[in-house]
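Contents: one structure, followed by commentary.
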Amino acid sequence: MPRGFYDRSTEIVAQELLGKALLRKNGNHWMGGWIVETEAYLSSDDPSSHSHRGPTRSNASMFDHAGTLYVYPIHAKYCLNAVTEQKGKGSAVLIRAIEPVWGIERMIARRGLTDRRRLTRGPAMLCQALDVDRGLDGADLVGGSEITITGGQSSPEMTSSCRIGISRAQDLPLRFFIDGNWFVSGRSSDHRRRPCKPIRRS
DNA sequence: ACAACGATACCCT
DNA sequence: GGGTATCGTTGTT
């Protein structure tokens with residue numbers, strides 16, 4: 001996708017990434033699949049965003065220009081984001097799940113399991129399957145030679161819910177996924193629109 | 001130098 | 001629905 005695709009409202013980018021192809025170079029071939037689940041992390045008023053306390057050494061790429069890849073470590077694993085909006089804003093879209101399509105055998109080998117549903121069904125699982133770690137942090141997704149996102153399926157049926165695994169700003173409906181897709185993470189009860197938890201008062 | 005904390009995933013009931 | 005392994009980052013001595 002061109003730079004301008006990412007240089008827009010983070011919530012719009014998160015929704016429009018659904019159905020696009022996430023591709024990772026593997027030798028002379030590409031592996032990857034359709035993006036089926038995303039979450040928006042905003043530049044302001046979003047205490048669960050890594051950018052909330054301003055730039056640091058580790059989140060620097062989140063403040064780079066739109067279309068930059070932001071890879072961060074968590075619980076000895078990695079997750080990947082596409083940076084959105086203008087340089088310096090600190091907003092991004094977390095890609096939480098893809099539907100595996102290309103290079104499935106290679107992904108099976110990297111994950112060490114054969115169940116296709118479990119190959120890339122979660123942000124850390126898809127990073128392991130696609131051989132993404134901090135070495136790719138800061139890469140450019142626009143015309144990227146190692147990892148990129150291209151056009152794909154047209155207007156999939158999308159729905160939203162609250163985000164997964166966070167302790168703050170749980171009321172914001174910033175998770176987007178393709179309705180009914182088998183490769184969306186979480187429980188099936190989360191695969192439906194439902195009210196988000198209210199912010200807990202202290 | 002050290003302790004606490006996750007945008008997780010796996011295993012259990 | 002809950003407990004926890006595991007480790008980079010950050011904030012605190």
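Here the P atom of nucleotide C:dT9 and the NE2 atom of A:His50 are 12 Å apart, to the nearest Å. Regarding A:Tyr72, its OH atom lies at a distance of 13 Å from the C1' atom of C:dG8, rounded to whole Å. Distance, A:Asp133 CG to C:dT9 C1': 17 Å, rounded to whole Å. Taking atom NZ on A:Lys77 and atom P on C:dT4, their separation rounds to 16 Å, with Å as the unit. Distance A:Ile164 CD1 to C:dG1 P: 13 Å, rounded to the nearest Å.
Within the 4.0 angstrom heavy-atom criterion, only backbone atoms of the sugar-phosphate kind lie near A:Ile166; the bases stay farther away. Nucleic acid contact for A:Arg57: none, since no nucleic acid atom lies under 4.0 Å from a heavy atom of the residue. A:Arg118 comes within contact range of the sugar-phosphate backbone alone, with a heavy-atom separation under 4.0 Å but no base atom that close. Using a 4.0 Å heavy-atom distance criterion, A:Asn59 is classed as making no nucleic acid contact.
Side-chain contact, A:Ser61 with A:Asp137: a donor N or O sits under 3.5 Å from an acceptor N or O. With 3.5 Å as the limit, one finds a donor-acceptor pair spanning the side chains of A:Thr84 and A:Thr10.
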Report summary line: Note, DNA chain C 5' to 3' with Watson-Crick or G-U pairs under 3.5 Å encoded as ( ), [ ], | and . gives |||||.||||||.

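For A:Ser167 and A:Gly122, each mapped to the nucleotide of DNA chain B holding its nearest heavy atom, the one lying further toward the 5' end belongs to A:Ser167. If A:Thr56 and A:Ile74 are placed on DNA chain C by their nearest nucleotide, the residue sitting closer to the 5' end is A:Ile74. For the pair A:Arg168 and A:Ala124, nearest-nucleotide mapping onto DNA chain B gives the more 5' position to A:Arg168.
A:Arg24 forms no cation-pi arrangement with A:Trp30, by the criterion of a distance under 6.0 Å to the ring centre and an angle within 45° of the ring axis. The cationic group of A:Arg175 lies under 6.0 Å from the six-membered ring centre of A:Phe177 and within 45° of the ring axis, placing it in a cation-pi geometry. Geometrically, A:Arg8 engages A:Phe5 in a cation-pi contact defined by less than 6.0 Å to the ring centre and at most 45° from the axis.
A side chain to side chain contact (heavy atoms under 4.5 Å, CB included) with A:Leu69 holds for exactly one of A:Asn81, A:Leu80, A:Asp64; it is A:Leu80.
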Side-chain donor-acceptor pairs under 3.5 Å in residues 94-105 of chain A, sequence neighbours left out?
unit_1: A:Arg96; atom_1: NE; unit_2: A:Glu37; atom_2: OE2; d: 3.0
unit_1: A:Arg96; atom_1: NH2; unit_2: A:Ser185; atom_2: OG; d: 3.3
unit_1: A:Glu99; atom_1: OE1; unit_2: A:Asn181; atom_2: ND2; d: 2.9

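Between A:Ser58 and C:dT10 there is a side-chain N or O to OP1 or OP2 distance below 4.0 Å.
A 4.5 Å side-chain heavy-atom check between A:Asp45 and A:His52 finds every atom pair outside the cut-off.
With respect to the salt-bridge test (charged N to carboxylate O, under 4.0 angstrom), the residues A:Arg163 and A:Asp46 qualify.
The span of DNA chain B lying next to chain A, judged by atoms under 4.0 Å from heavy atoms, is bounded 5' to 3' by B:dG6 to B:dC10.
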